[in-house]
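Here's the structure, in structure tokens; my notes come after.
Proteins come first, then strands; the chains are lettered A, B, ... in the order of their sequence lines, and each starts at number 1.
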Amino acid sequence: MPEGPSLVILKELAQPFAGRTIAAAHGNSKVVPYDELPGQPILSLRTWGKHFLIELPLFTLRIHFLMFGSYRIDERKENSPERLGLAFEEGGELNFYTCAIQLIEGDLDQAYEWHADVMADAWKPAAALKKLRAMPDTLVCDALLDQTIFSGVGNIIKNEVLFRLKIHPASTVGALPATKLRELVKQARQYSFEFLEWKKAFVLKQHWLAHTKRICPRCNIALHKAHLGKTRRRTFWCERCQKRYGPVL
DNA sequence: CTAAATGTTAAGCC
DNA sequence: GGGCTTAACATTTA
């Protein structure tokens with residue numbers, strides 16, 4: 001479920017619920033004040049990267065699906081209790097499972113840097129570039145997963161963007177030529193939107209070139225697989241066509 | 001059947 | 001306090 005484009009799909013599917021008023025709420029979250037929810041209308045439904053935001057008059061519910069989270073609209077899962085279930089006066093229900101929920105008090109514009117979300121209209125590539133230039137020793141495989149720079153980018157997008165740009169995942173940010181760094185920022189968004197279209201068409205996996213793959217589709221040699229960087233996330237790359245910039249650490 | 005994974009956060013340690 | 005490691009969460013698929 002995670003990664004920014006999947007959240008955009010949820011936001012679009014849930015958009016008809018904006019403006020509806022909560023009639024009943026239940027679930028097994030420890031932080032949600034279920035008693036306070038009935039009577040509150042949804043002011044907006046938004047996303048920031050991998051966060052799904054339900055803005056209410058008194059606070060905002062921040063839902064993060066982590067690895068295994070899921071949701072159902074106007075139906076429920078059979079064998080799983082709701083972490084949060086919302087029923088509405090106008091009809092319909094939103095149900096969320098195995099997700100991490102937080103309450104956000106106060107102004108959302110204060111809480112979120114909207115321009116850091118690669119899926120957002122407000123996305124500012126110049127801001128991402130500036131942050132990258134301030135961390136020259138960081139590996140690119142870690143930088144792409146940094147949610148303060150590329151909010152919404154996940155491990156699949158990371159592997160595919162680096163393969164597409166022919167950048168070795170263990171390259172350091174500071175060693176990338178200026179044009180390559182700009183391409184990295186551009187592709188983080190570009191690939192995420194292609195991911196969105198493929199996901200909507202249920203053809204995402206067949207477009208993977210590196211992620212979970214064993215053979216390089218460009219070179220026909222074996223891909224490498226390791227848990228690289230400080231993030232120690234699964235990384236797939238080709239030693240032949242992905243150029244390593246910077247020192248071998 | 002077991003392991004590993006589209007992710008984040010908190011606790012513990014040096 | 002910083003920076004690192006580990007664990008916890010908990011579902012689905014290979």
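- In this entry the distance linking CD1 of A:I63 with C1' of B:dT8 reads 16 Å, nearest Å.
- A:R214 comes within contact range of no nucleotide atom at all, as no heavy-atom separation falls under 4.0 Å.
- In this entry the distance linking CZ of A:F65 with P of C:dA10 reads 15 Å, nearest Å.
- A cation-pi contact links A:K243 to A:Y245, judged by a cut-off of 6.0 Å to the six-membered ring centre and 45° from its axis.
- Within the structure, a side-chain polar atom (N or O) of A:H227 is placed less than 4.0 Å from OP1 or OP2 of B:dA5.
- Two rings, from A:F236 and A:F163, have their centers 6.0 Å or more apart.
- Summarising the geometry of A:M135 relative to A:I149, their closest heavy-atom pair is SD-CD1, 3.4 Å, with the distance given to 0.1 Å.
- Atom pair A:M67:CE and C:dC9:C1' shows a separation of 11 Å (rounding to whole Å applied).
- Screening A:K199, A:H207, A:R164, A:R189 against A:E194 for a side chain to side chain donor-acceptor pair (under 3.5 Å) leaves a single residue, A:R164.
- A:N155 places its CG atom 13 Å from the C1' atom of B:dT8, with the value rounded to the nearest Å.
- Minimum atom distance to the side chain of A:Q102 is reached by B:dT9, of the listed C:dT11, B:dG7, B:dT9.
- The same atom, P, is picked in B:dA4 and in C:dA7; the two are 14 Å apart, to the nearest Å.
- Using Watson-Crick or G-U wobble geometry with both donor-acceptor distances under 3.5 Å, B:dT6 finds no partner in any strand shown.
- Non-hydrogen atoms lying under 4.0 Å from DNA chain C are contributed by A:K77, A:R83, all within residues 72-84 of chain A.
- At B:dT6, one or more side-chain N or O atoms of A:R233 fall inside 4.0 Å of OP1 or OP2 (strictly under the cut-off).
- Contact annotation for A:H51: no contact, since no heavy-atom pair falls under 4.0 Å across all strands.
- A perpendicular orientation is assigned to the rings of A:Y112 and A:H51, their planes being inclined by more than 60° (bins at 30° and 60°).
- If you check the side chains of A:W123 and A:D117, you find no donor sitting under 3.5 Å from an acceptor.
- The closest donor-acceptor contact from the side chain of A:D137 to the backbone of A:G174 lies at 3.5 Å or more, if one exists at all.
- Separating the NZ atom of A:K158 from the P atom of B:dT8 is a distance of 12 Å, rounded to the nearest angstrom.
- When the side-chain nitrogen and oxygen atoms of A:H211 are compared with OP1 and OP2 of B:dT6, one or more of them lie within a distance under 4.0 Å.
- Toward the 5′ end of DNA chain C lies the nearest nucleotide of A:K230, the other residue of the pair A:K230 and A:F68 mapping further downstream.
- Between A:L204 atom CG and B:dA5 atom C1' the separation is 15 Å, expressed in whole Å.
- As a whole-Å value, the separation of A:D146 CG from B:dT8 C1' is 13 Å.
- Nearest to the side chain of A:R234, among B:dT6, B:dT8, C:dT11, sits B:dT6.
- Pair assignment for C:dG2: B:dC14, on the basis of Watson-Crick or G-U wobble contacts that are both within less than 3.5 Å.
- A:E160 places a side-chain N or O within donor-acceptor distance of the main-chain N or O of A:L209, the cut-off being under 3.5 Å.
- Applying the 4.0 Å criterion to OP1 and OP2 of B:dT8, one finds that A:K50 has a side-chain N or O inside that range.
- The interatomic distance linking A:I9 (CD1) with B:dT6 (P) rounds to 18 Å, in whole Å.
- Comparing atom distances between the A:L66 side chain and each of B:dT8, C:dC4, B:dT6 picks out B:dT8 as nearest.
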